[in-house]
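Down below is the structure, laid out as structure tokens.
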Protein chains: 2
Amino acid sequence: MRADARRNRERILKAAREVFAEQGAAAQMEPIARRAGVGVGTLYRNFPTRRALIGAMRAEWTAERTANLERALATTDPWTAVTEYVHRGAEAMSRDAGLREVFPDLPAKETTPEDEAAFRDRLTVLVRRAHDAGALRPEVTAETYNGMMVGLGAAITAGTDWRLAADILLAGLRATPT
Amino acid sequence: MRADARRNRERILKAAREVFAEQGAAAQMEPIARRAGVGVGTLYRNFPTRRALIGAMRAEWTAERTANLERALATTDPWTAVTEYVHRGAEAMSRDAGLREVFPDLPAKETTPEDEAAFRDRLTVLVRRAHDAGALRPEVTAETYNGMMVGLGAAITAGTDWRLAADILLAGLRATPT
DNA sequence: GGTCATCCGGACCCGGACCTCCGGTTCCGG
DNA sequence: CCGGAACCGGAGGTCCGGGTCCGGATGACC
């Protein structure tokens, strides 16, 4: 693969993230190519279809979330791990606001099934540790937790300050000391 | 206005709610007409444009939320009012899941500015009362509150049980007793 | 029951967005 | 330095969905 080809691929992905973040799911291909300083032909050579482009973005997104999760898991205290992951997630959401609404369009399993599974595994560990420490509300499963993270993203996209939103969610997730 | 015309208008609105709830923002006009048992011509006579149809749905939605808010305000205890409104909202969201994602597309002020303002006023009252009673986290404004409700809707759409999600949110909103 | 205005329905436009294709250009092995 | 292969760019093709229009039917008033 030629050097400029790889460079173009990166520029396209970067431009796609920006345009999707600004315009949401309705973002079009031609403006993405323009912002990348590239023709649509080049865009379609790297990503044969629109869904493929979104899929590549999703792969990066999942990788980033998984990395955040692992950094959080490195913390010894289970509840600190939870707060850290929620904060990192909230920050990432506020950065890529509009991006969030395009991923539900394509089924998660279609593009990166193994990455998605890896993410789920880590998340399950995080939740179980917090449960064992008695820090997390017992009804909250990994599914629930993930769903609430999606909600957190929507709240942030709606304009809520991400620190405040994260604090509220964390307070709600914390087990009530009996 | 002829009797069947009014009946058709109602049937179209009902069908639109259903189809939008199922398909999300990508829902198309022709399936809506089919489900209403009506041709597209009739649809466009009642709602001259797609945005107008969505606007009408939004008007109904705002009216319902305002009604919920007023019922909640009738409660004497300020915190009970908050919990009641959140629960009603969560239930409504779980009913009209996909509907939520189509409203951000058109600016709120465009269609029903006065209804929207009335809703905001009621919401401000709800929040102030809860603050005065020391029940609500002091940093939470009406804006924040509304944003968190949007997030709640997203979490529910993502598959979280609405009762659990509402409980988590409420626990997070509650002022921490010092 | 007759007449006419109103309404219904679906067969057509039309614009726009995704995708293709080919001539010109740029980078690597000999 | 040079041949060629890979790559770039943008002008279209195609399809699809929102919106129009007119012949036929239907309901209201006398």
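Chain identifiers are assigned alphabetically (A, B, ...) following the order of the sequence lines, protein sequences preceding nucleic acid strands; residue numbering begins at 1 within each chain. Just so you know, these numbers come straight off a predicted model, no measurement behind them.
- Side-chain N/O atoms of B:N8 include none lying less than 4.0 angstrom from OP1 or OP2 on C:dC7.
- Of the candidates A:K14, A:E22, A:R11, A:R35 forms a side-chain contact (heavy atoms from CB on, under 4.5 Å) with just one, namely A:E22.
- Taking every side-chain heavy atom of A:R45 into account, D:dC8 is the closest of C:dC18, D:dC8, C:dC7.
- Counting non-hydrogen atoms under 4.0 angstrom, B:V40 reaches a base of the nucleic acid.
- Between B:H87 and B:W162, the angle of the ring planes goes over 60°, which puts this pair in the perpendicular group of the 30/60° scheme.
- Comparing B:N46 and A:G41, the nucleotide of DNA chain C nearest to each residue sits closer to the 5' end for B:N46.
- Among D:dC7, D:dG18, C:dG9, the nucleotide with an atom closest to any side-chain atom of A:A5 is D:dC7.
- For the pair B:R9 CZ and C:dT6 P, the interatomic distance rounds to 19 Å; values are reported in whole Å.
- Residue B:Y44 has its side chain nearest to D:dT20 when only D:dT20, C:dC18, D:dG27 are considered.
- Note: CG (B:L43) to P (C:dC7) measures 15 Å, nearest angstrom.
- The CZ atom of A:R51 sits 16 Å away from the C1' atom of C:dA17 (whole-angstrom rounding).
- Per the geometry, CZ belonging to B:R6 stands 13 Å off P belonging to D:dA28, to the nearest Å.
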Run the side-chain hydrogen bond (donor to acceptor under 3.5 Å, both in side chains) check on A:D77 and A:T80 step by step: do they pass?
CA-CA 5 Å; A:D77 179 56; A:T80 308; 2.6 Å; yes
Can you check side-chain contact (heavy atoms from CB on, under 4.5 Å) on B:R128 and B:V125, steps first, answer last?
CA-CA 5 Å; B:R128 191 174 50 238; B:V125 171; 4.2 Å; yes
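- To the nearest angstrom, P of C:dC19 lies 11 Å from CD1 of A:I32.
- Of the two residues near DNA chain D, B:A3 and B:T42, the one whose nearest nucleotide lies more 5' is B:T42.
- A pairwise comparison of heavy atoms in B:R65 and B:Y85 identifies O-CE1, 4.0 Å as the closest pair.
- The listed nucleotides are C:dC8, D:dA28, C:dC18; the one nearest the side chain of B:D4 is C:dC8.
- Candidate nucleotides D:dG18, C:dA17, C:dG9 were compared by shortest atom distance to the side chain of A:Q28, and C:dA17 ranks first.
- Rounded to a whole Å, the CD atom of A:E30 is 12 Å from the C1' atom of D:dG9.
- The phosphate of C:dC19 has OP1 or OP2 within less than 4.0 Å of a side-chain N or O from A:T49.
- Atom-to-atom, CD1 of B:I12 to P of C:dC8 comes out at 8 Å; the value is rounded to the nearest Å.
- Distance CZ (A:F47) to P (D:dC7): 14 Å, rounded to an integer number of Å.
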